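This report refers to the structure that appears directly beneath it.
Note: hydrogens, waters and symmetry copies are ignored here, and every other heavy atom, side chains too, is used. Here, residue 1 is the first one in the sequence, and each next residue gets the next number. All of these numbers come straight from a predicted model, not from anything done at the bench.
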Amino acid sequence: MPYKIDEIMAIADKYGIPIVEDAAEGMGSRFNGQVLGTFGKYGVLSFNGNKMITTSGGGALVCRNAEDANEVMWYATQARDAYPYYQHTAIGYNYRMSNVCAGIGRGQMTVLDAHIAHHRHVQKLYEELLADVPGVHIHKQPEDPRYDANFWLCAATLDPSVHVQGQENAYKEVIKTAVGGAAGVIHTVDCATTDCQPNENVEALRVFMLAKKIECRPVWKPMHKQPVYAGATAYTNDVETALFKIGFCLPAGPYVTDDDVRYIVDCIKEAIR
């Protein structure tokens, strides 16, 4: 979903703040007709396996001029100076995308518009089918015509007052299987709960839907609530923390059919009866 670009750029321009635009999921989304990733000094796009199009991994950095692109590529190719032997005046990395992955990406570009059209169709169907479900609110695009989202992600919120089947058993057991896109990797934990987690009814909905063969993930946990950043300074009004407690994600990929959406919504209705 496009962000309030005009407001952010106005502040950045006033104070001379360079913007690195994280448009990782925003491939094809537009604000006032301009594609995301082209507003800041740099733009970042993701081509991970779960994004709108994929190269199997990696992404792209959008630069405004050749000078910036050349400097970035210098750092991305081990920051090697122009000598016949390896000499380095800066720490470089090996962050280039392989030619094979780039070739896949070029092929994927040809289906981008079709994928975006599919996601928008799925979003519209979710909006129609969830319109009268009490306590469930699908995240919609603002009425402002400048917003033109790709709807890569269909997300919703669940009112705390809604009771979900099995809610009384939420967070009672430690997860012992791989979660998300962890490729079978399991990093065991000692406790089923943390100091910042989705509400019990949201967790119960996730478990209920999983039993129906539907992946219904929580939204993203705020960075300042991650233990790895416990000592970092954070400036926040905690809106994102409130959303994390009530939000959940719905399947919307290119293989999700209209019948799948109807089945998913029927399962949500069953869960909250």
Correct closest heavy-atom pair for V35 and T38 would be O-OG1, 2.7 Å
When D260, D258, V265 are each screened for side chain to side chain contact (heavy atoms under 4.5 Å, CB included) with R262, the one that passes is D258
Nearest heavy-atom approach of I272 to P134 is CD1-O, 3.9 Å
Heavy-atom side-chain proximity of Q123 to C154 below 4.5 angstrom
yes
Smallest heavy-atom separation, I138 atom then A156 atom, equals CA-CB, 3.9 Å
* Does NZ or CZ of R80 fall inside the cone over Y86's six-membered ring, less than 6.0 Å from its centre and within 45° of the axis? -> yes
Exercise. Quick one: does H119's side chain have a donor or acceptor within less than 3.5 Å of a partner on F151's backbone?
Worked result: yes
Would M27 and I53 count as a side chain to side chain contact (heavy atoms under 4.5 Å, CB included) here? Give the steps.
CA-CA 8 Å; M27 186 73 174; I53 58 173; 4.1 Å; yes
Check your understanding: Should Y263 and V261 be counted in the same cluster of Ile, Leu, Val, Met, Phe, Trp and Tyr side chains packed under 4.5 Å apart?
Key -> yes
message: Is there a path of hydrophobic side-chain contacts, each under 4.5 Å between heavy atoms of I/L/V/M/F/W/Y residues, joining W152 to L112?
response: yes
Worksheet item: Quick check: does any side chain N or O of Q226 sit under 3.5 Å from a backbone N or O of M223, one acting as donor and the other as acceptor?
Response: no
task: Could you check K4 against D144 for salt bridge (charged side-chain N to carboxylate O under 4.0 Å, His left out), going step by step and ending with a plain yes or no?
output: CA-CA 11 Å; K4 295 181 178 180; D144 188 331; over 6 Å; no
Non-hydrogen side-chain atoms of Y171 and P198 separated by less than 4.5 Å: yes
TODO: Ignoring hydrogens and angles, tell me if any N or O in the side chain of N199 forms a donor-acceptor pair with the backbone of N201 under 3.5 Å.
DONE: no
For N65, look at atom CG and say whether over 12 heavy atoms of other residues, nucleotides or ligands are found less than 6.0 Å away.
yes
task = Give a yes or no on whether Q87 atom CD has more than 12 heavy-atom contacts from other residues, nucleotides or ligands under 6.0 Å away.
result = yes
Is the side chain of W74 donor-acceptor paired with the backbone N or O of A69 at a distance under 3.5 Å, no angle test?
no
d(L250 CG, R217 CZ) to nearest 0.5 Å is 12.5 Å
Tell me whether the count of non-hydrogen atoms from other residues, nucleotides or ligands lying under 6.0 Å of CE in M73 goes above 12. yes
With no hydrogens and no angle check, just 3.5 Å: does a side-chain donor-acceptor pair link Q78 and Y95? no
Rounding to 0.5 Å, atoms SG (C267) and CG (L205) come to a distance of 10.0 Å
message = Set out, in order, the CA-CA distance, both residues' side-chain angles and the distance that settles side chain to side chain contact (heavy atoms under 4.5 Å, CB included) for R96 and T77, then state yes or no.
response = CA-CA 7 Å; R96 293 161 294 170; T77 51; 2.9 Å; yes
Test item: T194 and K221 side chains (from C-beta on) under 4.5 Å apart, heavy atoms: yes
Are D6 and R146 within salt-bridge range, i.e. N to O under 4.0 Å?
yes
Notebook entry, point to check: According to a 4.5 Å side-chain heavy-atom criterion applied to Ile, Leu, Val, Met, Phe, Trp and Tyr, with indirect links allowed, do L130 and V202 form part of one hydrophobic cluster?
Noted result: yes
| Check: Y229 main-chain N/O paired with H224 side-chain donor or acceptor under 3.5 Å | no
I'd like to know whether CD of E67 has more than 12 heavy-atom contacts from other residues, nucleotides or ligands below 6.0 angstrom. no
Worksheet item: Does a side-chain heavy-atom distance below 4.5 Å link R206 with F248?
Response: no
Separation between SG (C63) and CD (E71), nearest 0.5 Å, reads 9.5 Å
- Task: Answer yes when E270 and K212 have at least one side-chain N-carboxylate O distance shorter than 4.0 Å, and no when they do not.
- Result: yes
Checklist entry - Under the side chain to side chain contact (heavy atoms under 4.5 Å, CB included) criterion, do L61 and L45 qualify, and how do the steps go? => result CA-CA 6 Å; L61 186 70; L45 301 172; over 6 Å; no
Practice task
Please indicate whether N94 has more than 12 foreign heavy atoms, meaning atoms of other residues, nucleotides or ligands, lying under 6.0 Å from its CG.
Solution key: yes
**Report entry** Note, K51 side chain near E25 side chain (heavy atom, < 4.5 Å)
**Finding:** yes
**Study point:** F39 backbone acceptor or donor facing R64 side chain under 3.5 Å
**Key:** yes
Within a strict 4.5 Å, meaning less than it, do heavy atoms of the T241 and C196 side chains meet? yes
Heavy atoms of E203 and A170 approach each other most closely as CG-CB, 4.0 Å
Whether the N32 and R30 side chains hold a donor-acceptor pair (N or O, under 3.5 Å, no angle test) is what I'd like checked. no
**Message:** Side chains of T193 and Q197 only: does a donor on one sit below 3.5 Å from an acceptor on the other?
**Reply:** no
* Does any non-hydrogen side-chain atom of C249 lie less than 4.5 Å from one of V219? -> yes
Output for pair (N169 CG, E200 CD), nearest 0.5 Å, gives 10.0 Å
Just checking, is any N or O donor in the side chain of N150 or H115 under 3.5 Å from an acceptor N or O on the other one? no
Rounded to the nearest 0.5 Å, the CZ atom of F208 sits from the CD1 atom of I268 at a distance of 10.0 Å
CE (M9) and CD (E21) are apart, to the nearest 0.5 Å, by 8.0 Å
Check whether any side-chain heavy atom of P251 lies under 4.5 Å from a side-chain heavy atom of I214, and answer yes or no. yes
Are Y126 and L129 in one and the same hydrophobic cluster, where Ile, Leu, Val, Met, Phe, Trp and Tyr link if side-chain heavy atoms are under 4.5 Å apart?
yes
Using a strict cut-off of less than 4.0 Å between a Lys/Arg side-chain nitrogen and an Asp/Glu carboxylate oxygen, indicate whether K124 and E127 qualify as a salt bridge. no
Are any side-chain N or O atoms of K213 and backbone N or O atoms of M209, one a donor and one an acceptor, separated by less than 3.5 Å? no
- prompt: Do T54 side-chain atoms and N48 backbone N/O form a donor-acceptor pair below 3.5 Å?
  reply: yes
Between H118 and V256, the two heavy atoms sitting closest are CE1-O, 2.9 Å
Exercise for review: Go through the steps for M1 and Q141 under the test side chain to side chain contact (heavy atoms under 4.5 Å, CB included), then give the verdict.
Suggested key: CA-CA 7 Å; M1 186 68 65; Q141 181 168 276; 3.9 Å; yes
Heavy-atom closest pair (A90 atom, Y75 atom, distance to 0.1 Å) is CB-CE2, 3.9 Å
Item checked: Joint hydrophobic cluster, I5 plus V44, side-chain heavy atoms closer than 4.5 Å -> no
Ring centroid separation F31 to Y147 under 6.0 Å | yes
